[in-house]
Amino acid sequence: MSTSELKTITVIGSGLIGRSWAMIFVSGGYRVNLYDNQPERAATAIAEIRKQLEELEKNHMLRGQLSTAQQLALLSSYEDLAQALEGAFFVQECIFEQLEAKQHIFQDIERLVGEDVILSSSTSGLVPSSIFSKVQNRSRCIVSHPVNPPYYVKLVELVPHPKTAATVMDHTFTLMTKVGQAPIRLRREIDGFALNRVQAAIIAESWRLVQDGVISVKDIDLVMSEGMGMRYAFIGPMETMHLNAPEGLEDYMKRYGEGITRNLTSFGPVPNFFGEEAKSIFKEMCELIPSDQQHLSARRDRRDQLLLGLAKLKKDH
Ligand SMILES: NC(=O)c1ccc[n+]([C@@H]2O[C@H](COP(=O)([O-])OP(=O)(O)OC[C@H]3O[C@@H](n4cnc5c(N)ncnc54)[C@H](O)[C@@H]3O)[C@@H](O)[C@H]2O)c1
Ligand SMILES: *[C@@H]1O[C@H](CO)[C@@H](O)[C@H](O)[C@H]1NC(C)=O
Ligand SMILES: *[C@@H]1O[C@H](CO)[C@@H](O)[C@H](O)[C@H]1NC(C)=O
């Protein structure tokens, strides 16, 4: 048995992301204490996780070396915060995306754990200096931002507080790697971190092209899914450029840098995502996929199945 099997991680909040973290950590052999402040919710979440793990095992997509039964045996639910934190070396917070609630829970958590315990938040949009402003020892704090659904999409953005200790960043990086995620390090905090900033740039130009009547909603999505996305599941924009000129990135910029600069200066201001101007884009999207629950959840299931297939493919490469 590896030593990690004796180690405990506390997951705070048992919603979509908390359940995913719990599944990922037990797959790496860690004991997981799952806590939620709503009665019954953590226990219900474990029942849900059981179903998901069984399904994954059936599809040969269960992560880690342990069986479903062994993974489930590592998982316990709690309705008492102090009990949930007992013995933990790492805390992953996944409560609602609300600043005051996060500040408050980290204040509570800090009072209940030893000084070496790492406090990590799943926040998608709040910067560490805001979230951890009520924690005394901020050198132990970090954001570990997952991407939905984290079981298949493995990126974790590690974002430090200005005071985060290098060792805390390193330990978190090692832990994430050990459980099979793909951590990256931001060197300092920034609004939107890296993924959401890049995503905003893509959204903005896609929106402008549709709004300016250059292309349809359907076709701009194909630009990504049948074009750029084919590469991006395996190599990023930097390597793509490096490979696309005979002598690499510098050569690429010699050839295409001016064109890219000119394209960028023609981009125009931040598009209007609201009001009358946006309505026709909403309508065009809903003609493709109506926004009622039935259609949306069918497409979400399809997305998750496709991501599962892609995750399988990436596992073999
Ligand atoms: N959903 C995503 O796509 C996604 C992706 C990356 C990061 N995140 C981040 O993860 C966090 C959780 O998101 P989610 O989608 O799982 O939310 P969710 O609404 O599904 O789950 C939140 C859970 O936290 C519990 N909770 C709320 N306040 C609590 C408290 N004080 N103590 C204990 N439990 C509490 C709720 O009962 C609920 O079960 C958010 O910060 C979100 O920004 C979400
Ligand atoms: C603050 O946190 C760091 C990192 O976990 C730890 O090494 C240090 O002992 C803590 N300091 C205090 C005063 O608790
Ligand atoms: C846009 O970029 C392409 C090549 O990347 C270049 O050929 C073209 O001239 C640019 N056009 C504008 C208007 O920026």
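Order of appearance sets the numbers: ligands from 1, and atoms from 1 within every ligand. One is the number of the first residue; the rest follow in order along the sequence. Just so you know, these numbers come straight off a predicted model, no measurement behind them.
- The distance from ligand 2 to the heavy atoms of D116 drops below 4.0 Å at these ligand atoms: 5 (O), 6 (C), 7 (O).
- Taking 4.5 Å as the limit, every side-chain heavy atom of N37 sits out of range of all side-chain heavy atoms of E79.
- In this structure, R255 pairs ionically with D251, as a charged nitrogen and a carboxylate oxygen lie closer than 4.0 Å.
- Classified by interplanar angle (parallel below 30°, tilted 30° to 60°, perpendicular above 60°), the ring pair F25/F90 is perpendicular.
- Contact between S139 and ligand 2 is present, with at least one heavy atom of the residue lying under 4.0 Å from the ligand.
- N244 is listed as a side-chain neighbour of R231, based on a closest heavy-atom distance under 4.5 Å.
- Summary of contacts: the protein heavy atom closest to atom 8 (C) of ligand 2 is N137 ND2, 3.7 Å.
- Listed by number with element, the atoms of ligand 2 under 4.0 angstrom from any heavy atom of R140 are 2 (O), 4 (C), 5 (O).
- Partners of F173 under the ring pair (Phe, Tyr, Trp, His ring centres under 6.0 Å) rule, at least two apart in sequence or in another chain, do not exist in this structure.
- With a 4.5 Å cut-off on side-chain heavy atoms, Y35 and S77 do not count as touching.
- Taking the ring centroids of F282 and F274, they lie at or beyond the 6.0 Å cut-off.
- Nearest protein heavy-atom contact of atom 9 (O) of ligand 2 is E115 OE2, 3.2 Å.
- Side chain of E276 to main chain of A278: no donor-acceptor pair is present (N/O by atom type, distance under 3.5 Å, no hydrogens or angles).
- Near ligand 1, heavy-atom contacts under 4.0 Å come from G13, S14, G15, L16, I17, Y35, D36, N37, Q38, R41, C94, I95, F96, E97, K102, I105, S122, T123, S124, H145, P146, N148.
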